Amino acid sequence: MIRKRGEEKCMFFLNFSDRRTGNCGSIAAFCAQMQGGRAVDIPEIFARGCGACQTECFQKDGVCPLPDAPAITALYEAITEQGACFIVPNYCDWPCSNFFRFCERGCGYFGTGTERAERYLAAEKHFIVVSNTNRAHFEEIFSEHVPSANSPHILFLSAAAYHRVSLRGDLVEVEEVRAALRAFFDEPPVKL
């Protein structure tokens, strides 16, 4: 269960969509306000994907040489310490490219050791997918962000199910969606 307002740590609500005022951005803002957390627009932090380097992050005591590496390290540390809810749009039955960029840039945070990876996996995480189609790819990919004994805690929101057009970005204005979001954060994640 996510920490309630006023408790010591606040959760981060990560909007992976490039559309700040789209469904994912609006859901992140709503959830952050509801839970007393902080909404973060991932595209503002991750300026680029991996590459154009000599794989320094995989060298002993290596550090990512890209200019945005300190901000990315800080975000991964914040997720590890305070937990996060990933809010991801479905593009062609897969998470958007910003999600994959987030994952690949994690190499610079995790490096070659296992301590950071173990702490990251143990951190509280929840996932919201704005999707009118496939679920399987998301379940499989998100399982890589939680301990192997756990199933990822995922809420799938379909604009079509609420008689909305996803591109309008007004899904969070539907009271049934808000109720689903409240219920999602009150139910504990499933542990296998």
Side-chain angles (χ1 to χ4, degrees), residues 1-2 11-20 22-32 34-35 37 39-43 45-46 49-50 72 75-76 78-80 83-107 109-110 117 120-172 174 176-192:
M1 182 186 299
I2 289 186
M11 179 162 284
F12 289 86
F13 294 87
L14 309 176
N15 168 27
F16 282 86
S17 175
D18 280 314
R19 296 175 59 220
R20 270 192 227 157
N23 284 318
C24 292
S26 299
I27 290 168
F30 174 78
C31 291
M34 175 179 66
Q35 294 292 328
V40 176
D41 292 317
I42 291 297
I45 297 172
F46 288 78
C50 284
I72 292 168
L75 177 63
Y76 267 95
I79 293 168
T80 298
C85 178
F86 297 68
I87 305 165
V88 183
N90 177 337
Y91 291 174
C92 303
D93 287 339
W94 291 92
C96 65
S97 62
N98 290 324
F99 179 78
F100 289 106
R101 184 177 299 139
F102 167 83
C103 294
E104 72 181 20
R105 290 300 300 278
C107 293
Y109 173 72
F110 299 123
Y120 172 81
L121 287 174
E124 181 178 3
K125 289 184 216 69
H126 306 269
F127 304 89
I128 298 172
V129 179
V130 177
S131 173
N132 286 320
T133 59
N134 196 325
R135 295 175 175 226
H137 293 147
F138 290 89
E139 293 165 350
E140 181 179 348
I141 290 168
F142 294 155
S143 69
E144 296 176 12
H145 293 265
V146 298
S148 60
N150 296 4
S151 293
H153 189 222
I154 308 172
L155 173 64
F156 289 91
L157 292 174
S158 166
Y162 296 98
H163 309 290
R164 297 290 174 142
V165 175
S166 190
L167 296 176
R168 290 190 186 139
D170 61 355
L171 189 56
V172 79
V174 177
E176 291 88 352
V177 170
R178 290 175 181 237
L181 290 165
R182 288 184 199 102
F184 176 68
F185 291 115
D186 286 338
E187 65 187 41
V190 175
K191 294 191 179 190
L192 300 175

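Bear in mind the structure is a predicted one, so any value in this text is a computation, not a measurement. Only this structure's heavy atoms are used, side chains among them; waters, hydrogens and symmetry mates stay out.
Looking at heavy atoms from C-beta onward, Met11 lies out of side-chain contact with Gln35 at the 4.5 angstrom threshold. Between Cys103 and His145 there is a side-chain heavy-atom pair separated by less than 4.5 Å. The side-chain heavy atoms of Ile72 and Ile45, taken from C-beta on, include a pair separated by under 4.5 Å. You'll find the side chain of Val130 reaches within 4.5 Å of the side chain of Ser166, heavy atoms only. Taking 4.5 Å as the limit, some side-chain heavy atom of Phe185 sits within range of a side-chain heavy atom of Ile128. Under the 4.5 Å side-chain criterion, counting only non-hydrogen atoms from C-beta, Leu157 is not in contact with Val172.
For Phe142 and Phe99, the gap between ring centers is short of 6.0 Å. Ring to ring, Tyr120 and Phe110 are close: their centroids are under 6.0 angstrom apart. Between Phe102 and Tyr76, the distance from one ring center to the other falls under 6.0 angstrom.
The salt bridge (Lys or Arg N to Asp or Glu O under 4.0 Å) search around Arg101 returns none, not counting sequence neighbours. Under the side-chain hydrogen bond (donor to acceptor under 3.5 Å, both in side chains) criterion, Tyr109 pairs with Glu77, Arg119, not counting sequence neighbours. By the salt bridge (Lys or Arg N to Asp or Glu O under 4.0 Å) test, Arg178 is found to be paired with no residue, residues two or more places apart in sequence or in another chain being considered.
Taking CG of Asp170 as the start and CZ of Arg164 as the end, the distance is 4.5 Å to the nearest 0.5 Å. A distance of 11.5 Å separates SG in Cys24 from CD1 in Ile42, rounded to the nearest 0.5 Å. For the atom pair CG of Leu121 and CG of Asn150, the computed distance is 10.0 Å after rounding to the nearest 0.5 Å.
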Step by step, work out the ring-ring contact (aromatic ring centres under 6.0 Å, His included) result for His153 and Phe184. CA-CA 9 Å; His153 189 222; Phe184 176 68; 4.2 Å; yes

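For the ring pair (Phe, Tyr, Trp, His ring centres under 6.0 Å) test with Phe86, the passing option among Phe138, Phe127, Phe12 is Phe127; the others fail.
In summary, the side chains of Asn23 and Ser17 do not present any donor paired with an acceptor at a separation below 3.5 Å, with no hydrogens or angles considered.
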